[in-house]
Amino acid sequence: MASPSTNIPLSDLIHYLIQDGLLKESEVKIHNSQAQKKQTPLLSYLVINNIIDSHQVALKASKEYNLPYFDLEAIELKSLPIPLTGEKLIRKHHILPLFKRGETLFIAVSDPTNFQAIDDIKFQSQLHPENILVDENKLLNAIETLLEAADTSRSDLLDVELEHLDINSNDDFIRTEGNAEIDDAPVVRFVNKILLDAIKKGASDIHMEPYEKYFRIRCRSDGILYQVASPPNNIATRVISRIKVMAKMDIAERRVPQDGRIKMALSQNRAIDFRVNSCPTLFGEKIVLRILDPSSTQIGIDKLGFEPEQERLFLLAINKPYGMVLVTGPTGSGKTVTLYTGLNLLNSVERNISTAEDPVEITVEGINQVNMNVKAGLTFANALRAFLRQDPDVIMVGEIRDLETAEIAVKAAQTGHLVLSTLHTNDAPQTLNRLMQMGIAPFNIVSAVILIIAQRLARRLCVHCKILTPLPDATLIATGFKAEELSTLKIYSAVGCEHCTNGYKGRIGIYQMMTLSDHMRALILEGGNALQLAELAKAEGINDLRESGLNKIRMGITSLEEIDRVTKE
């Protein structure tokens with residue numbers, strides 16, 4: 001039986017921490033509010049954010065609650081009796097089973113006032129739980145390590161299991177989310193494996209495609225589609241139905257496209273969202289899942305691939321109080337990551353930031369994000385009008401598609417707001433021309449636009465297997481390199497190894513970054529076309545995408561073949 005002193009509620013522990021000077025009473029309510037928003041226990045929030053020292057708290061709690069203290073680093077995690085409580089209770093109550101002695105199960109806790117955990121563990125294990133105090137920080141790390149290892153082992157399924165599927169049984173188990181049998185269904189395990197493997201490989205999309213004689217599953221990794229599985233054709237409907245159930249879509253409706261969303265928790269501190277779309281094809285529904293990893297929009301400006309001068313121009317532009325920054329490029333060129341990198345740098349309590357997106361792919365705390373709903377009348381233009389009545393500092397528009405949206409965005413940039421947005425054009429000069437073609441007056445463009453970024457994503461060469469490749473001087477000069485640099489130039493090519501995919505791993509941005517000089521403004525006011533604007537940009541020393549790509553080759557980051565692929569017109 002736990003000591004009676006363990007009946008002290010958590011608020012008393014916080015009170016003791018305040019008395020000891022480990023916490024400021026005036027800040028506890030704010031921290032508690034933030035912890036609730038993140039759905040994190042207050043103690044975990046305080047430790048994760050380095051507000052309190054977990055070791056001091058553990059020693060203090062051990063004394064106040066009359067519980068023994070234990071150092072989690074002194075035990076082998078693989079030896080813990082995880083099945084006695086199960087992963088579900090570990091996630092739910094933030095505990096770890098340490099060891100069993102007779103009919104007693106000793107539990108590592110950092111919050112000894114979680115009496116519900118004691119009851120649930122007693123019911124689950126049919127043992128008597130006893131609390132042992134541990135450092136919150138070490139408990140967080142241990143739980144994450146164990147659960148990520150469990151997720152990995154769970155994904156180690158072989159395709160041979162598909163041979164044992166009961167193809168002719170009905171699909172009732174797929175429709176019953178609460179049924180315990182669903183976790184043991186081979187189709188469910190296969191779908192989970194596909195999702196987990198795609199996340200592990202860093203894929204951005206998963207394509208599930210039924211055809212007349214076969215069923216194909218492909219993943220897009222570093223911008224390129226690769227086939228990852230070809231399961232039996234007669235289970236296609238079951239796999240697709242499972243995905244639709246997970247995404248809360250109507251599995252009975254197969255005649256029209258549908259949209260849905262899946263959330264998968266990988267660990268206590270990391271979850272991945274999938275944006276799901278179905279489309280009826282000749283031989284069944286094709287499903288495409290877009291993998292949305294929140295961490296991808298917080299990679300840091302140093303990881304984007306900016307050259308030093310480009311980074312300086314970007315930071316200078318986004319820190320201006322008003323004006324328009326436009327990012328341009330095709331779908332999948334990393335425009336959203338660039339915009340959100342800027343927004344994350346600007347995201348502070350002093351700024352009111354609002355975004356209009358179609359759809360909102362990744363949520364960011366501290367930013368007011370609005371999802372477009374054209375059927376309900378919520379368009380980019382309507383959202384922008386609403387933003388302007390809400391005292392904004394920074395506005396992000398997912399895409400400028402029409403004159404109405406462009407006019408409101410330009411007006412916002414001229415009246416004291418920083419506006420970030422995207423356009424689908426090939427390079428920076430064409431962006432200016434596109435705005436004029438939309439109907440934006442040249443004098444409004446020159447007074448609003450402060451920076452245009454054209455970008456592409458090029459695959460990085462694998463550092464483990466890339467090889468030095470000699471090329472003829474004539475080829476290098478024709479490619480764009482200068483004769484005087486050929487003697488020191490090192491060109492690398494892709495090979496392929498166990499660490500990469502066909503010689504590449506990860507991607508890096510290549511950029512054309514153009515500010516508006518006085519000469520550029522004069523040419524715009526004269527109605528200059530995209531070709532004239534491009535020639536002036538080159539004369540002013542602004543690198544185009546090709547030259548930016550060549551710089552990445554000079555640095556040994558990517559290959560000539562890859563730059564040819566992403567910069568060809």
Side-chain angles (χ1 to χ4, degrees), residues 198 201-205 207 218-228 291 293 296 299-311 327-338 341 424-428 430 453-482 485-486 488-513 538 542-569:
K201 292 176 181 176
S204 60
D205 302 87
H207 293 241
R218 296 185 291 171
C219 287
R220 187 178 295 279
S221 182
D222 294 334
I224 306 294
L225 278 170
Y226 301 96
Q227 182 163 321
V228 296
I291 302 173
D293 186 354
S296 68
I299 61 174
I301 190 171
D302 56 319
K303 300 291 179 59
L304 289 178
F306 286 151
E307 295 166 19
E309 177 61 13
Q310 292 174 340
E311 182 175 326
V327 183
T328 182
T331 300
S333 61
K335 299 188 298 295
T336 300
V337 172
T338 299
T341 299
H424 284 286
T425 57
N426 289 328
D427 60 20
Q430 287 187 35
I453 305 170
Q455 72 177 77
R456 301 289 188 276
L457 288 178
R459 290 179 294 170
R460 289 177 178 266
L461 284 167
C462 174
V463 296
H464 298 283
C465 65
K466 67 179 182 180
I467 59 169
L468 197 61
T469 306
L471 293 173
D473 288 354
T475 300
L476 294 174
I477 291 173
T479 298
F481 293 105
K482 298 178 177 63
E485 66 178 317
L486 298 185
T488 58
L489 188 63
K490 293 182 179 180
I491 304 292
Y492 292 89
S493 296
V495 177
C497 67
E498 61 182 3
H499 301 286
C500 64
T501 304
N502 296 342
Y504 297 95
K505 186 173 180 62
R507 290 191 288 178
I508 192 168
I510 59 173
Y511 303 91
Q512 178 186 32
M513 200 161 290
K538 186 175 182 180
I542 297 172
N543 286 344
D544 60 13
L545 288 166
R546 178 71 178 183
E547 184 58 37
S548 181
L550 294 181
N551 285 337
K552 297 297 188 293
I553 296 174
R554 293 183 180 103
M555 298 164 65
I557 295 174
T558 190
S559 67
L560 182 56
E561 294 82 4
E562 181 65 5
I563 294 303
D564 283 340
R565 182 183 71 85
V566 299
T567 61
K568 65 184 178 183
E569 298 298 336

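Predicted, not measured: the structure shown is a model, and the values here were computed from it.
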Flag side-chain contact, heavy atom, 4.5 Å: Thr558 against Ile553: yes
Atom pair CD (Glu547) and CG (Leu550), whose distance is rounded to the nearest 0.5 Å: 5.0 Å
Ala428 backbone acceptor or donor facing Gln512 side chain under 3.5 Å: yes
Ser548 side chain vs Tyr511 backbone, donor-acceptor pair below 3.5 Å: yes
Any donor-acceptor N/O pair, Gln455 side chain to Gly334 backbone, under 3.5 Å: yes
Close side-chain approach of Lys538 to Asp544, heavy-atom, < 4.5 Å: no
Reported CG-to-CG distance for the pair Leu225 and Asp205, which is rounded to 0.5 angstrom: 7.5 Å
Atom pair SG/CD1 of Cys219 and Ile224 - distance to nearest 0.5 Å: 13.5 Å
Rounded distance (nearest 0.5 Å) linking atom CD1 of Ile453 with atom CD of Gln310: 8.5 Å
Donor-acceptor under 3.5 Å (Asp222 side chain, Gly506 main chain): yes
Flag side-chain contact, heavy atom, 4.5 Å: Thr328 against Gln430: no
Lys552 atom NZ, neighbour heavy-atom count above 12 within 6.0 Å: yes
Heavy-atom check, side chain of His424 versus side chain of Thr331, under 4.5 Å: yes
Under 3.5 Å donor-acceptor pairs involving side-chain atoms of residues 463-477, not counting sequence neighbours:
{"residue": "Lys466", "atom": "NZ", "partner": "Gly556", "partner atom": "O", "Å": "2.8"}
{"residue": "Thr469", "atom": "OG1", "partner": "Ile467", "partner atom": "O", "Å": "3.4"}
{"residue": "Thr469", "atom": "OG1", "partner": "Ser493", "partner atom": "OG", "Å": "2.8"}

Contact check, side chains of Ile542 and Met513, non-hydrogen atoms, under 4.5 Å: no
Salt bridge (charged side-chain N to carboxylate O under 4.0 Å, His left out) contacts touching residues 558-567 (sequence neighbours left out): Arg459-Glu562, Arg546-Asp564, Glu562-Arg565
Separation of Ile510 CD1 from Phe306 CZ (nearest 0.5 Å): 12.5 Å
Test item: Tyr226 and Lys201 side chains (from C-beta on) under 4.5 Å apart, heavy atoms: no
Heavy atoms of other groups near Glu485 CD, more than 12 under 6.0 Å: yes
Separation of Asn426 CG from Thr567 OG1 (nearest 0.5 Å): 11.5 Å
